[in-house]
Amino acid sequence: MNYWLFKSEPETFSIDHLMQTPKQTEPWDGIRNYQVRNLLRDQIQLGDQAFFYHSNCTPPGIVGIMEIVKTAYPDLSARNPASAYYDPKATSDNPRWYTVDVHFLKKFPRIITLQEIKQHPALQNMPLARKGNRLSITPITQEEWQILLTRIPDKLNAISVMPA
DNA sequence: GCCAACGTTGGC
DNA sequence: GCCAACGTTGGC
């Protein structure tokens with residue numbers, strides 16, 4: 001199993017949005033960067049887990065965990081002219097862009113802020129800790145995953161918020 | 001809103 | 001294949 005970090009702007013799609021979908025499962029669509037496309041298509045496996053990161057907000061940080069429940073398939077938003085992610089170069093023969101389905105696992109009782117990540121000596125290799133990283137999906141090592149989880153108080157770590 | 005750090009595009 | 005111009009991301 002692999003670990004990942006998925007970024008999203010909460011104004012566009014937040015962890016609360018994911019929680020509130022009927023099956024708490026959504027396609028992670030709209031990826032329009034080739035490096036990230038390749039990760040989606042070639043590296044991300046069923047059962048992999050991913051941190052949900054809120055970007056371009058105050059404060060930016062990790063807000064919870066998701067699981068990959070469907071591996072790469074063509075991102076149909078690329079072929080929808082009404083979509084903000086429409087790409088006329090995507091065709092049925094060559095979909096060009098891919099998506100995976102993510103399922104909500106848990107929302108943390110507090111945000112693990114970008115500031116904390118930047119301050120932790122063992123997390124300096126994370127792309128997040130470096131300036132100018134713009135990949136919206138990045139791999140996380142098992143060590144980084146464990147360190148980040150221990151930022152959350154143990155008793156609260158297991159909290160999984162169910163839909164209303 | 002600013003702007004640094006990228007990624008992408010397209011002329012040549 | 002180079003690279004300038006342009007677009008986007010995302011922290012601040």
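Order of the sequence lines sets the chain letters (A, B, ...), proteins ahead of strands, with each chain counted from 1. Keep in mind it's a predicted model, so treat the numbers as computed, not measured.
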### Query
Applying the side chain to side chain contact (heavy atoms under 4.5 Å, CB included) test to A:Trp97, which of A:Arg41, A:Arg79, A:Arg37 qualifies?
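Looking at A:Arg41, A:Arg79, A:Arg37, the match for A:Trp97 under the side chain to side chain contact (heavy atoms under 4.5 Å, CB included) is A:Arg37.
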### Query
For A:Asn133 and A:Arg130, does a side-chain donor sit closer than 3.5 Å to a side-chain acceptor?
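A:Arg130 and A:Asn133 do not have a side-chain donor-acceptor pair below 3.5 Å.
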### Query
Strictly by modelled atom types, are A:Thr91 and A:Asp93 linked by a side-chain donor-acceptor pair under 3.5 Å?
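No, no side-chain donor-acceptor pair sits under 3.5 Å.
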### Message
Between A:Lys107 and A:Asp16, is the salt bridge (Lys or Arg N to Asp or Glu O under 4.0 Å) condition met? List the steps.
### Response
CA-CA 8 Å; A:Lys107 179 180 175 179; A:Asp16 292 326; 2.8 Å; yes
### Message
Treating primed atoms plus P, OP1 and OP2 as sugar-phosphate and everything else as base, which nucleotides of nucleotides 7-12 of chain C get B, S or - for protein heavy atoms under 4.0 Å?
### Response
BBBBBS
### Query
What string of B, S and - do you get for nucleotides 1-6 of chain C, 5' to 3', if B is base contact, S is sugar-phosphate-only contact and - is no contact with any protein heavy atom under 4.0 Å?
------
### Message
Check whether A:His17 reaches the backbone of A:Ser14 with its side chain - one donor and one acceptor, N or O, closer than 3.5 Å.
### Response
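Yes.
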Atom pairs and distances, side-chain donor-acceptor, residues 134-149 of chain A, under 3.5 Å, sequence neighbours left out:
{"from": "A:Thr141", "atom 1": "OG1", "to": "A:Glu144", "atom 2": "N", "distance (Å)": "3.0"}
{"from": "A:Thr141", "atom 1": "OG1", "to": "A:Glu144", "atom 2": "OE1", "distance (Å)": "3.3"}
{"from": "A:Glu144", "atom 1": "OE1", "to": "A:Thr141", "atom 2": "N", "distance (Å)": "2.9"}

### Distance-minimising heavy-atom pair for A:His54 and A:Ile15
NE2-N, 3.1 Å
### Query
Relative to the 5' end of DNA chain B, which residue comes earlier, A:Tyr34 or A:Lys131, by the nucleotide with the nearest heavy atom?
A:Lys131
### Task
Verify the ring-centre separation between A:Trp28 and A:Tyr98: is it less than 6.0 angstrom?
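Centroid distance A:Tyr98-A:Trp28: not below 6.0 Å, so no.
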